[in-house]
Amino acid sequence: MEEKTKDYPIRVGCDRGLCHQAVGRQDRQLNTYDWLADVPGNAEDTDLVEVQFKHTRKGYYHNVNNLPLKKGDIVAVEASPGHDIGVVTLTGRLVKLQIKKANLKSADDIKRVYRIAREIDMQKYRESKGLEHSTMIESRVIAKGLGLDMKIGDVEYQGDGNKAIFYYIADERVDFRQLIKDLAAAFHVRIEMKQIGARQEAGRIGGTGPCGRELCCATWMKNFVSVSTNAARFQDISLNPQKLAGMCAKLKCCLNYEVDDYLEASRKLPGKDIVLQTLDADYYHFKSDILAEIVTYSTDKNIAANLETISAARAKEIIEMNKRGEKPASLQEDGHAKPTKQHIDLAGGDISRFDKAKKKKKKKKSGGNASQKAENKKGDA
């Protein structure tokens with residue numbers, strides 16, 4: 001179904017391609033495509049809705065008033081105390097799966113949706129959000145005055161302005177009891193402290209990674225998995241701390257993206273400690289291209305000497321031959337010895353060959369000058 005306007009047609013409905021009802025607002029971080037949005041009865045299957053707040057904070061609520069909610073609606077939800085303002089990011093059956101993924105321990109964590117946000121709610125919300133940056137700067141001054149070894153990275157006000165969440169980073173345990181008293185006296189709101197890691201801070205601040213794209217933690221990542229240097233070793237990546245570290249100064253999360261594929265592909269390669277024996281020499285493992293399934297061998301254990309690159313299948317074939325006591329003529333597929341390249345000694349030979357080249361250049365120049373003089377004389381005549 002299409003509604004034609006003066007300039008271009010606008011497609012309405014979910015009869016073809018991606019459903020516009022399932023996409024929602026693209027300015028919301030961690031937006032989830034609801035692939036059940038066009039299924040009849042999806043919204044009536046459950047009254048649970050997923051609501052997202054600032055950055056990656058999400059909550060799950062009961063639509064007790066049976067409001068006609070859809071993705072992108074701004075709603076006022078229950079908070080303690082007062083209410084908060086968020087955006088509906090998911091409705092229907094997928095919310096149940098999201099709740100399992102969030103691993104909510106108690107049903108009391110699921111509160112209620114009060115109403116669709118009114119203009120007075122949005123006005124109070126904008127006023128509260130306008131105070132966040134100045135509050136963060138002043139809270140840093142207060143924490144520094146108390147001598148606390150911590151960094152306040154962000155502040156989030158509740159939608160009604162009655163509570164503020166202070167996100168901080170600290171390497172060790174911090175006693176911030178006096179800090180809470182000072183913050184409450186300075187800002188006259190209820191204070192909540194939340195500790196975050198360096199990865200979460202990078203996600204809240206945002207930025208562009210060395211790949212040229214926006215940070216994964218600032219766009220779609222919610223749960224952070226530990227990353228070790230073994231992920232780099234499995235992929236034969238150089239252990240350079242400057243290249244392995246991300247914007248958060250921790251190991252890049254993307255090191256884990258392809259490590260499973262590399263582990264699976266590495267099983268097809270022969271062991272690095274296996275020596276291939278031929279009629280002319282023994283070959284030791286030098287390097288390997290895991291995804292291409294090719295291996296390079298050297299006749300010396302420590303340096304690159306007489307390098308031979310063969311496929312993993314050929315290497316396993318030679319290993320089986322060696323087990324039977326057989327030795328091929330070479331590592332190549334046809335079994336013939338690799339032709340040796342003739343060595344050219346650039347330092348040896350006749351040194352005067354350089355002088356001959358210079359003489360030829362001089363002759364060409366002199367010949368060109370003589371022909372030019374002859375043409376000039378003809379012109380003068």
Side-chain angles (χ1 to χ4, degrees), residues 29-33 35 56 97 100-101 103 197-203 206-278 281-323 328 330-333 338:
Q29 189 180 8
L30 307 183
N31 185 36
T32 304
Y33 181 81
W35 46 274
T56 58
L97 300 178
K100 290 182 179 180
K101 186 178 178 181
N103 193 22
R199 301 181 190 274
Q200 287 86 345
E201 183 193 23
T208 304
C211 59
R213 303 186 64 179
E214 193 175 355
L215 297 178
C216 297
C217 54
T219 50
W220 60 271
M221 287 189 69
K222 182 178 179 182
N223 300 321
F224 295 92
V225 182
S226 61
V227 185
S228 66
T229 54
N230 287 332
R233 291 190 179 95
F234 293 146
Q235 300 173 70
D236 281 343
I237 300 176
S238 176
L239 299 179
N240 186 345
Q242 294 180 347
K243 293 191 176 181
L244 294 182
M247 304 295 288
C248 57
K250 303 291 184 180
L251 291 174
K252 294 177 183 176
C253 296
C254 55
L255 289 174
N256 283 343
Y257 293 172
E258 299 178 354
V259 66
D260 292 336
D261 292 334
Y262 275 88
L263 284 173
E264 184 177 355
S266 63
R267 297 190 183 101
K268 302 177 182 179
L269 300 179
K272 296 182 179 181
D273 56 341
I274 298 178
V275 181
L276 303 187
Q277 298 177 345
T278 62
D282 292 343
Y283 287 86
Y284 304 91
H285 180 273
F286 182 72
K287 65 177 182 178
S288 57
D289 190 332
I290 299 176
L291 298 182
E293 298 183 11
I294 57 176
V295 190
T296 301
Y297 288 90
S298 170
T299 54
D300 193 286
K301 289 184 178 180
N302 302 318
I303 61 174
N306 303 320
L307 295 180
E308 294 270 5
T309 301
I310 58 175
S311 63
R314 173 60 179 172
K316 290 183 177 180
E317 181 183 345
I318 296 175
I319 292 172
E320 294 298 324
M321 293 177 65
N322 293 157
K323 288 181 179 179
S330 70
L331 298 183
Q332 300 306 313
E333 297 287 343
K338 184 179 179 181

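Heavy-atom basis, side chains included; hydrogens, waters and symmetry copies ignored.
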Minimal non-hydrogen separation, Ser330 against Thr278, with atom names: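 Smallest interatomic distance, heavy atoms only, reads C-CG2, 4.0 Å.
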Minimum heavy-atom distance Ala218-Gly206, with the two atoms named: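 Where Ala218 meets Gly206 most closely, the heavy atoms are CB-CA, 3.8 Å.
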Do [X] and [Y] have side-chain heavy atoms sitting under 4.5 Å apart?
{"X": "Arg199", "Y": "Cys217", "answer": "no"}
{"X": "Leu215", "Y": "Met247", "answer": "yes"}
{"X": "Gln332", "Y": "Glu308", "answer": "yes"}
{"X": "Pro328", "Y": "Met321", "answer": "yes"}
{"X": "Lys252", "Y": "Pro210", "answer": "yes"}

Review item, side-chain donor-acceptor pairs of residues 229-236, under 3.5 Å, at least two apart:
{"from": "Thr229", "atom 1": "OG1", "to": "Arg233", "atom 2": "NH1", "distance (Å)": "2.9"}
{"from": "Asn230", "atom 1": "OD1", "to": "Arg233", "atom 2": "NH1", "distance (Å)": "3.2"}
{"from": "Gln235", "atom 1": "NE2", "to": "Ala231", "atom 2": "O", "distance (Å)": "2.9"}
{"from": "Gln235", "atom 1": "NE2", "to": "Leu255", "atom 2": "O", "distance (Å)": "2.8"}

Atom pairs and distances, donor-acceptor, side-chain atoms in residues 281-296, under 3.5 Å, two or more places apart:
{"from": "Asp289", "atom 1": "OD1", "to": "Ala292", "atom 2": "N", "distance (Å)": "3.4"}
{"from": "Thr296", "atom 1": "OG1", "to": "Thr309", "atom 2": "OG1", "distance (Å)": "3.0"}

Non-neighbouring partners of Lys100 that pass salt bridge (Lys or Arg N to Asp or Glu O under 4.0 Å), sequence neighbours left out: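 By the salt bridge (Lys or Arg N to Asp or Glu O under 4.0 Å) rule, Lys100 matches no residue at all.
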Rounded distance [0.5 Å steps], CG in Asp300 versus CG in Asn306: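 Asp300 CG to Asn306 CG: 9.5 Å, rounded to 0.5 Å.
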Gln277 side, atom CD; Asn322 side, atom CG - distance, nearest 0.5 Å: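 Output value for this atom pair is 5.0 Å.
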Partners passing side chain to side chain contact (heavy atoms under 4.5 Å, CB included) against [X] (at least two apart in sequence or in another chain):
{"X": "Gln242", "value": "Asn240"}
{"X": "Ala245", "value": "none"}
{"X": "Gln200", "value": "Ile196, Phe224"}
{"X": "Ile274", "value": "Leu276, Ile319"}

Any donor-acceptor N/O pair, Lys316 side chain to Ser311 backbone, under 3.5 Å: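 No: the side chain of Lys316 does not pair with the backbone of Ser311.
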With a cut-off of 3.5 Å and sequence neighbours excluded, list every side-chain donor-acceptor pair involving residues 256-266.
{"from": "Asn256", "atom 1": "ND2", "to": "Ser226", "atom 2": "O", "distance (Å)": "3.3"}
{"from": "Ser266", "atom 1": "OG", "to": "Tyr262", "atom 2": "O", "distance (Å)": "3.2"}
{"from": "Ser266", "atom 1": "OG", "to": "Leu263", "atom 2": "O", "distance (Å)": "2.7"}

Any residue meeting side-chain hydrogen bond (donor to acceptor under 3.5 Å, both in side chains) with Ser298, in chain and number order, not counting sequence neighbours: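 Result, side-chain hydrogen bond (donor to acceptor under 3.5 Å, both in side chains) vs Ser298: none returned.
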